[in-house]
Enquirer: 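Quick one: the structure is below, questions incoming.
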Amino acid sequence: NNGGATSKGVTANTIKVAWRLPADNGSAAAVQSAAGDGIDISDSKDDIVRTIQGLTEFINTHFQLYGRKIAIDVFDGRGVGADEVQGAGQDGANADAVTVADQKGAFIEPSAGTAPYTDALARRGVVSIGVNYLSEEWYTERHPYVWTGVSCTQTVKMLAEYANKRLFGGTADHAGDGLRGNARKIAVVAPENSYYQDCVKTLVADLAKEHNTLADSLSYALDINTISQDSSSIIARLSADHITSVLMVTDPVSPLFFTAKATQQRYNPEWILTGTAATDTDVIAQQYDQGQWQHCFGLRTFFADRGREQTDAYAAFKAARPDQEPAGLALYGIYQRLLQMAIGLQLAGPHLTPATFGAGMQAYTGGTGFFGTLRGRAGLHTLQTDADEVYYDPNAVSSFNGAHGAYVSTTPHYELGQWPREKPKARN
C-alpha cells in the first residue's frame, strides 16, 4: 500500500509528468548560423520526444517507484524559450504552467529551463527541475518546488576559491601576445539578468575574504539580436583596461561572439572557464575561435572524457530501446533532468509529495558518474558538488566526438574547500 493519491498528479499506479517543448522565435536558426557548419546544435522534435520516452521507460524499470509508473506527457508550449531566458515572455510561461497544473494535472515538470516558467509552476504547486545557474536564494524562496542541476551560487563559490588560491597574485602565463607574463588583472563577464548578477555579488564577496578584488565586472543581454554588438564593446573595454584574464560566467552561445571579436581586435587574454551552461564540453568549445580558446583554462563541472556511446546517458537509453538511437546534444540535458527526477522520486518513499520529494533530494548520499559527484545537502537545491581543472587544446582529439579540440584535465575532482594553492596548469 503506497498511500494511493498522496499528492496532485499522484495515484496508486501513476506519477503524472509533463515535459514542455517551448516555442521558438527563430533564435535557434540564428545560433546555428553563428556556429557555422561545425556542429548541428539542434535535434529534431522526433529525436527529442523519442529520447524522453526511452529514458522514462528506463526509469520505470530501474528505479524503485513503489508500485507506480511515470506517465510522461510531452506537449508543445506557447512560451518562447529564448524570450523567457531574457526574463521576458511571462504570459506564455504562465499559460504553459496552467496547462501543466490544470490540464495535465502533473506532479512534476523536469524540463523547466527558464526562470519565468519555473516560477509560474512553483506558484501552482508543481515541482520542477531544469532551470540552472540561478542563485540559491532564488531556489530557496520556492522550496520545495524548484530543483536544479547546477546553481550559480555554488558555481561561483567554487570559482572564488579557485581564483583566490590559483589565479590572484600570479602572472598571465597562459595569455596570448601582448598580455602573456603580465601581472594578472582579472575581470568577470556575465549576463545582466538580476539572478546572474546576484551570483556575481556572491563571487565578489567570496573573493574579498582573501582581500582580492576584480578589476571590472561587465554584463550583456541574453539576446541573440544584440550579442554581436555587446560583445564588440565589451572586448574593446577589456582590451583598453589591459585585462589579462576574463572569468566567463556565461551562456554557451556568447563565447562564439566574444572570441571572434577578440581576434578582430587583436586582444588575447586568458579565458577562465567557470563550468557554466555546457561551455566546459568539447563539442561546444570546438565552435569558439580556436586561436582564442587555446588560452582557455579553468573549472569543468561536466564529467566527460569519454565517447558518446560510453556515457551513462547513452547506455540508459539503449537499455530501454536497444534498436533505436537517442538524440544528439539534447541527450545529456534530458538525461540529467530525468535522472535527478528519478533520484527524488525514489528517495521520497511511497508517500510522494513535494515535501517528501525535497527531503529525499537533500538526503541523497551521492555517487560519481557522468555528471561528476552528485550528493544532496541540507539547504541546497542542486546535487552538483565538484569540478576539476582543465585547459583547452585545439589539437587534441576529443574522445567525446572524435573531432579536434578537447579539454584536458590537470587535476582530480575537488569539492568546495579542497582546492590546493598552486599555479594553474594550462597550455602555454
Side-chain angles (χ1 to χ4, degrees), residues 22 25-28 30-31 34 79-93 112-120 130-139 141 148 150-157 159-160 163 186-207 213-241 243 245-262 265 267 269 271-279 284 288 298:
N25 62 356
S27 58
V31 172
V80 177
D83 291 344
E84 292 174 18
V85 165
Q86 300 169 50
Q90 190 67 64
D91 289 345
T114 71
Y117 183 42
T118 299
D119 181 62
V131 60
N132 292 326
Y133 306 112
L134 273 62
S135 68
E136 190 57 50
E137 291 79 6
W138 195 93
Y139 299 119
E141 288 172 358
T148 178
V150 186
S151 78
C152 75
T153 300
Q154 293 302 302
T155 298
V156 297
K157 281 185 171 293
L159 175 62
I186 304 174
V188 65
V189 175
E192 66 185 13
N193 306 58
S194 61
Y195 27 84
Y196 278 97
Q197 292 303 311
D198 286 345
C199 289
V200 172
K201 293 176 184 177
T202 300
L203 171 66
V204 170
D206 278 22
L207 292 176
T213 58
L214 296 169
D216 208 344
S217 178
L218 301 165
S219 62
Y220 63 95
L222 281 171
D223 187 342
I224 192 66
N225 298 308
T226 62
I227 185 61
S228 180
Q229 181 178 344
D230 287 351
S231 61
S232 182
S233 60
I234 286 174
I235 291 297
R237 180 168 162 180
L238 293 169
S239 179
D241 291 346
I243 300 298
S245 313
V246 185
L247 302 178
M248 297 291 286
V249 184
T250 67
D251 65 282
V253 176
S254 61
L256 282 166
F257 298 90
F258 284 115
T259 56
K261 298 299 182 183
Q265 298 182 32
Y267 173 60
W271 299 98
I272 310 301
L273 189 70
T274 62
T276 57
T279 54
I284 298 297
Y288 304 155

Enquirer: Out of Val189, Leu203, Val200, which residue meets the side-chain contact (heavy atoms from CB on, under 4.5 Å) rule with Leu247?
Expert: Leu203

Enquirer: Please assess Tyr139 against Val131 for the test side-chain contact (heavy atoms from CB on, under 4.5 Å), listing each intermediate value before the final yes or no.
Expert: CA-CA 10 Å; Tyr139 299 119; Val131 60; 4.0 Å; yes

Enquirer: If we only count heavy atoms from C-beta on, is the Pro255 to Thr250 side-chain gap below 4.5 Å?
Expert: yes

Enquirer: Applying side-chain contact (heavy atoms from CB on, under 4.5 Å), run through Leu238 and Val246 and close with a yes or a no.
Expert: CA-CA 8 Å; Leu238 293 169; Val246 185; 4.0 Å; yes

Enquirer: Ignoring hydrogens and angles, tell me if any N or O in the side chain of Gln197 forms a donor-acceptor pair with the backbone of Pro191 under 3.5 Å.
Expert: yes

Enquirer: So with a 6.0 Å cut-off around CD of Glu137, is the heavy-atom count from everything else above 12?
Expert: yes

Enquirer: Between CD of Glu136 and OG1 of Thr153, what distance do you get to the nearest 0.5 Å?
Expert: 6.0 Å

Enquirer: Show every salt bridge (charged side-chain N to carboxylate O under 4.0 Å, His left out) that has at least one partner inside residues 213-227, sequence neighbours left out.
Expert: Asp216-Arg237

Enquirer: Output the distance between atom CD1 (Ile234) and atom OG (Ser254), rounded to the nearest 0.5 Å.
Expert: 8.5 Å

Enquirer: Could you measure the distance from the NZ atom of Lys261 to the OG atom of Ser233? Nearest 0.5 Å is fine.
Expert: 10.0 Å

Enquirer: How far does CD1 of Ile227 sit from OG of Ser232, to the nearest 0.5 angstrom?
Expert: 11.0 Å

Enquirer: Are the side chain of Tyr267 and the backbone of Ala236 linked by a donor-acceptor contact shorter than 3.5 Å?
Expert: no

Enquirer: Kindly state each residue pair satisfying salt bridge (charged side-chain N to carboxylate O under 4.0 Å, His left out) with at least one member in residues 188-207, sequence neighbours excluded.
Expert: Lys157-Asp206, Asp206-Lys209

Enquirer: With a 4.5 Å limit on heavy-atom distance, are the side chains of Thr279 and Tyr288 in contact?
Expert: yes

Enquirer: Under a 3.5 Å distance rule, please check whether Asn132 uses its side chain to pair with a backbone N or O of Val150 as donor and acceptor.
Expert: yes

Enquirer: Check Asp251 against Tyr220 and note the closest heavy-atom contact, atom names and distance.
Expert: OD1-OH, 2.6 Å

